[in-house]
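Let me begin by presenting the structure, written as structure tokens, before commenting on it.
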Amino acid sequence: MAVHDRIIVKSRLNRRFFVPNLSPNIIKRHSIGKKVKGLLLTVQKLIINGGKRLRGELSLQGAKNAVLPILAAAALCDGEVTLKNCPRLSDTYAAMRILNSLGRKTTFEANTITVDGAGISETQISESLMREMRSSVIFLGAVLGKTGNCKISLPGGCDIGARPIDMHISALKKMGAVVTESGAGLSCESAGRLKGAEISLFFPSVGATENIILAAVLSEGVTVIHNAAREPEITDLIYFLRKCGAQIEGAQTGSLVINGVERLHGCEYEIMPDRIVCATYMACAAAAGGDIVIRNCRPAHLTAVTPVFEQMGCAVHSLKNTIYFSSGKRLNAIDIVRTMVYPGFPTDAQAFVMAALCKADGASVFVENIFENRYRHVGGLRRMGADIQVEGKVAVVKGTPRLFGANCSAPDLRGGAGLVAAALGAEGRSEISSVRYIDRGYEAIEATLSSLGADIVRV
Ligand code: UD1
């Protein structure tokens, strides 16, 4: 299905919805309401009857946080780009729509995205496209680096904190861009190519590091980024760009040296597996109990997460690209889980690890150091009977022997995954609404969990 094949569906109340990431078959299977243009509607919820052990195998999807910057990077290439192992997510479709709006044609067949070799014909990204996701901001560096111009409005995304882009902007200014900020947007211009610069980040921001890399690869001269983020998705972006002819040294270190080149060609590249989705299914099996095998993963990306599950009493065995995970008895509490930049414990894994610990034997403490608004799943967990106190960046989870199904709403992407994990381990029926947040990061989560024996449907 090409990305421009928009699926418009209508509700019984005659309201129209744009559903970008679902195949017509999925819509038909789970829909209620009237048929419109051959398609049916749904306001979607996940219904979970908890208490079933998970058993079976899954093959991990490609990483959302890698495919998005790599799609932005495709805008820099003169030549066709083929990306394999792309996850079918609403955020992936949003990035493709941005590329389309810039003049690049994209297609998505099975899990392969192809971006045609035409140049960029547009340098402005519309407000509606920018609002669809936070990662739209990394198109700024790519479009500016390629054309010397870019106009955007401020990005949307999950509401997990203030998420400023001050580091992105000051770096682009250092590279010679003239940035004009108006209330809702930014306009950036450079006279000719951007200039290489020495940039020190006060915090190793993932998005700022990506934006600077994307702006620097076609710039004139050498750019050095000190205190760069080291997340594996950044390394994936660097490997992709190198395959297209970019000169970047220092991958996996906090110091990147980028020697600007005049042009990049296209290439074929396989997106890395999603380490956060891997940790999510481990948390689901920890919460519900189970024995699962996760294939096509990179255990080396989970060195801060695996020991936490082991301390909880789960067995985690890694063999090449496979993780064998089992959890049976009541989980142990964890003294303290602190979220940190990579290679520390990821903020993106905090919500579902907390969900698994709600039934642990004892009290666990979480310290959220990356985002200031990342405990929004706590309300839903409490509805299921969890005992959690939050004070600023600290949350204390006192384990209770049982959780009970409840109706709640996904507050954001990972918080929504946390509620799913908790519901799988709860007794009785849960309804989780606002599934659109979960769909931003998980490819057909209900199909994967059903294949493991969970009682979960999308309605
Ligand atoms: C990325 C990930 C997200 C993950 C996060 C942290 C993608 C698409 N998203 O988000 O899943 O949770 O990294 O691992 O890859 N900050 C500033 N000024 C800036 C930029 C950031 O103060 O200019 C602050 C943010 O407010 C936040 C912290 O730095 O407190 C980390 O943000 P950042 O690493 O930039 O996260 P994102 O790139 O938004």
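All ligand and atom numbering here is 1-based and tracks the order in the structure. Any value given below was found using the heavy atoms of this structure, including those in side chains, with hydrogens, waters and symmetry copies removed.
Residue Gln350 places every heavy atom at 4.0 Å or more from ligand 1. The shell of residues lying under 4.0 angstrom from ligand 1, judged by heavy atoms, excludes Ala208. Ligand 1 has no atom lying under 4.0 Å from any heavy atom of Glu233.
Both the backbone and the side chain of Val206 come within 4.0 Å of ligand 1, counting heavy atoms alone. When non-hydrogen atoms are compared, ligand 1 lies under 4.0 Å from neither the backbone nor the side chain of Arg440. Contacts with ligand 1 closer than 4.0 Å are made by side-chain heavy atoms of Asp348 only, the backbone lying farther away. Contacts between Ile370 and ligand 1, counted as non-hydrogen atom pairs separated by less than 4.0 Å, involve both the backbone and the side chain.
Taking every non-hydrogen atom of His168 and a distance limit under 4.0 Å, the qualifying atoms of ligand 1 come out as 20 (C), 23 (O). Short contacts between ligand 1 and Arg374, defined as distances under 4.0 Å to a heavy atom of the residue, involve ligand atoms 12 (O).
Inclusion of Gly207 in the set of residues having an N or O under 3.5 Å from an N or O of ligand 1 is warranted. The shortest N or O to N or O distance between Met167 and ligand 1 is under 3.5 Å. Residue Ser205 has at least one nitrogen or oxygen atom sitting less than 3.5 Å from a nitrogen or oxygen atom of ligand 1, judged on distance alone. Considering backbone and side-chain N/O atoms, Asn65 comes within less than 3.5 Å of an N/O atom of ligand 1. At least one N or O atom of Asp166 sits closer than 3.5 Å to an N or O atom of ligand 1.
When every heavy atom of Cys358 is checked against every heavy atom of Ile388, the shortest pair comes out as SG-CD1, 4.0 Å. Here the closest non-hydrogen pair linking Leu381 and Ala422 is CD2-CB, 3.4 Å.
Remark: Asp348 CG to Asn65 CG distance equals 6.0 Å, nearest 0.5 Å.
Between Tyr281 and Phe325, the ring centre distance reaches or exceeds 6.0 Å.
Of the listed residues (Asn373, Thr347, Ile169, Ile165), the one carrying the non-hydrogen atom nearest atom 6 (C) of ligand 1 is Thr347. Among Pro164, Ala66, Ser135, the residue whose heavy atom sits closest to atom 17 (C) of ligand 1 is Pro164.
Using bins of under 30°, 30° to 60° and over 60° for the plane-to-plane angle, the ring pair Phe108/Tyr93 lands in the tilted bin.
Side chain of Glu368 to backbone of Phe371: a donor-acceptor contact under 3.5 angstrom is found. Looking at Arg338, its side chain never comes within 3.5 Å of a backbone N or O of Val367 through a donor-acceptor pair. When atom types are taken as modelled, the side chain of Arg440 and the backbone of Arg414 share no donor-acceptor pair closer than 3.5 angstrom.
Ionic pairing of Arg88 and Glu443 is not present here: no N-O contact between side-chain nitrogen and carboxylate oxygen is shorter than 4.0 angstrom.
The shortest side-chain heavy-atom distance between Leu218 and Leu194 does not fall under the 4.5 Å cut-off.
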